[in-house]
Amino acid sequence: MSVAENLAQIKENIEQACQRCGRDPKEVSIVAVTKYVSVERAQEALDAGLCNLGENRKEGLLEKYEAIGAEATWHFIGSLQSRKVKEVINYVSMIHSLDRRSLAKEIDKRASATVPCFVQVNISGEDSKHGLPASEVEGFVEAMEAFPNVKIVGLMTMAPHIEDEERLRGVFRQLRAVRDRIRNKGYAHAPCEYLSMGMSNDYALAVEEGATHIRLGSCLVGGQ
């Protein structure tokens with residue numbers, strides 16, 4: 001199916017999810033995860049009206065940026081090695097995977113302007129996933145005040161790839177609870193308004209639980 005056809009169905013699902021929980025669909029931003037698809041398919045996403053594209057590797061980001069450029073708003077959604085920050089920092093508008101002080105230090109050093117960042121949290125505790133334990137997030141966010149080019153705009157997590165809706169909701173609710181505690185502190189460097197959570201298999205649940213940014217690959221643009 002075309003990206004436009006997929007997007008129409010996804011928007012309908014988001015609207016229904018928002019109706020169930022009393023939210024405005026305009027609060028939900030779709031990030032098209034283009035890491036497994038061609039430049040042409042990424043362009044098709046833009047032509048369908050999407051503006052946010054997500055890449056998780058330096059090589060994929062630079063390849064697509066060379067072809068598409070600033071027509072898209074680029075999100076770096078994968079684990080980012082500190083040594084690669086200098087190669088991507090001038091191309092991305094948001095980083096969804098801040099999870100250690102050394103990475104924040106490098107972003108602060110290399111960025112020419114403030115970079116909006118999500119702190120990645122490993123709510124599920126899976127060894128295969130990156131991110132801070134929930135218990136360490138508040139202290140980490142507080143420490144980010146030392147890096148003026150790093151602005152903590154929200155939290156991100158990856159839920160387990162399972163069909164158990166209650167377990168999935170539990171993950172999303174825990175992330176929202178941590179976000180709420182940080183947001184209520186009123187940090188100037190960490191407004192922490194947003195929740196980047198929900199992927200192709202669970203985005204409707206994530207929206208019901210407060211997601212502001214959903215990262216969609218296979219159900220939107222295709223891929224693996």
Side-chain angles (χ1 to χ4, degrees), residues 2-4 6-7 10 28-100 102-104 106-122 128-131 149-159 161 194-203 206 211-224:
S2 70
V3 174
N6 291 336
L7 181 60
I10 289 165
V28 182
S29 295
I30 298 171
V31 179
V33 179
T34 53
K35 61 184 180 178
Y36 293 128
V37 300
S38 65
V39 169
E40 291 75 21
R41 191 69 165 173
Q43 183 64 55
E44 189 181 338
L46 294 174
D47 294 342
L50 293 165
C51 60
N52 298 302
L53 301 186
E55 287 287 328
N56 74 331
R57 293 173 62 249
K58 176 200 75 173
E59 294 80 7
L61 171 69
L62 297 182
E63 176 197 9
K64 291 188 176 73
Y65 192 95
E66 184 177 348
I68 294 171
E71 184 181 348
T73 299
W74 297 95
H75 297 245
F76 198 90
I77 61 173
S79 180
L80 181 57
Q81 295 175 302
S82 296
R83 63 184 176 84
K84 293 188 177 181
V85 168
K86 64 181 182 292
E87 299 175 71
V88 304
I89 199 67
N90 292 323
Y91 302 99
V92 297
S93 296
M94 277 188 166
I95 294 173
H96 289 240
S97 50
L98 177 59
D99 62 355
R100 58 198 187 280
S102 60
L103 178 56
E106 192 67 15
I107 293 169
D108 186 60
K109 175 183 175 183
R110 301 289 182 178
S112 57
T114 303
V115 180
C117 295
F118 291 83
V119 173
Q120 184 168 355
V121 188
N122 187 355
S128 60
K129 289 183 168 55
H130 294 275
N149 280 335
V150 174
K151 186 172 187 176
I152 306 302
V153 296
L155 306 181
M156 182 273 251
T157 200
M158 297 177 67
H161 196 82
Y194 303 131
L195 291 170
S196 174
M197 61 187 194
M199 299 170 68
S200 289
N201 62 308
D202 56 21
Y203 68 88
T212 62
H213 293 69
I214 54 176
R215 310 179 306 274
L216 304 182
S218 58
C219 74
L220 177 59
V221 295
Q224 286 190 335

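Val88 places none of its side-chain heavy atoms less than 4.5 Å from the side chain of Ile95. Counting heavy atoms from C-beta outward, Lys84 and Glu106 have side chains that stay 4.5 Å or more apart. Residues Leu220 and Val33 fail the side-chain proximity criterion, which asks for heavy atoms closer than 4.5 Å.
In this structure, OG on Ser29 lies 13.0 Å from CZ on Arg215, to the nearest 0.5 angstrom. Once rounded to the nearest 0.5 Å, the distance linking NE2 of His161 with OG of Ser200 reads 9.0 Å. Put simply, OG1 on Thr114 and CG on Asp108 are 9.0 Å apart, with the number rounded to the nearest 0.5 Å. The OG1 atom of Thr34 sits 5.5 Å away from the CH2 atom of Trp74 when rounded to the nearest 0.5 Å.
Under a cut-off of 6.0 angstrom, the local environment of NZ in Lys109 is sparse, with at most 12 non-hydrogen atoms contributed by other residues, nucleotides or ligands. Crowding of Tyr194 atom OH: a count of heavy atoms from other residues, nucleotides or ligands under 6.0 Å not exceeding 12.
Within the 3.5 Å criterion, the main-chain N or O of Ile77 finds no donor-acceptor partner in the side chain of Asn56. One N or O on the side chain of Thr212 and one on the backbone of Leu195 form a donor-acceptor pair closer than 3.5 Å. In this structure a side-chain-to-backbone donor-acceptor pair under 3.5 Å is present from Thr157 to Val121. Here the side chain of Lys35 pairs no donor or acceptor atom with the backbone of Gly78 at under 3.5 angstrom.
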*asked:* Walk me through whether Ile10 and Tyr203 qualify under side chain to side chain contact (heavy atoms under 4.5 Å, CB included).
replied: CA-CA 9 Å; Ile10 289 165; Tyr203 68 88; 3.6 Å; yes
*Full working for side chain to side chain contact (heavy atoms under 4.5 Å, CB included) between Asn122 and Asp99*: CA-CA 10 Å; Asn122 187 355; Asp99 62 355; over 6 Å; no
*Begin from the C-alpha positions of Ser82 and Arg100 and carry the test side chain to side chain contact (heavy atoms under 4.5 Å, CB included) through to its verdict.*
CA-CA 10 Å; Ser82 296; Arg100 58 198 187 280; 3.6 Å; yes
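Between His213 and Phe118, the ring-plane angle classifies as perpendicular under the 30° and 60° cut-offs.
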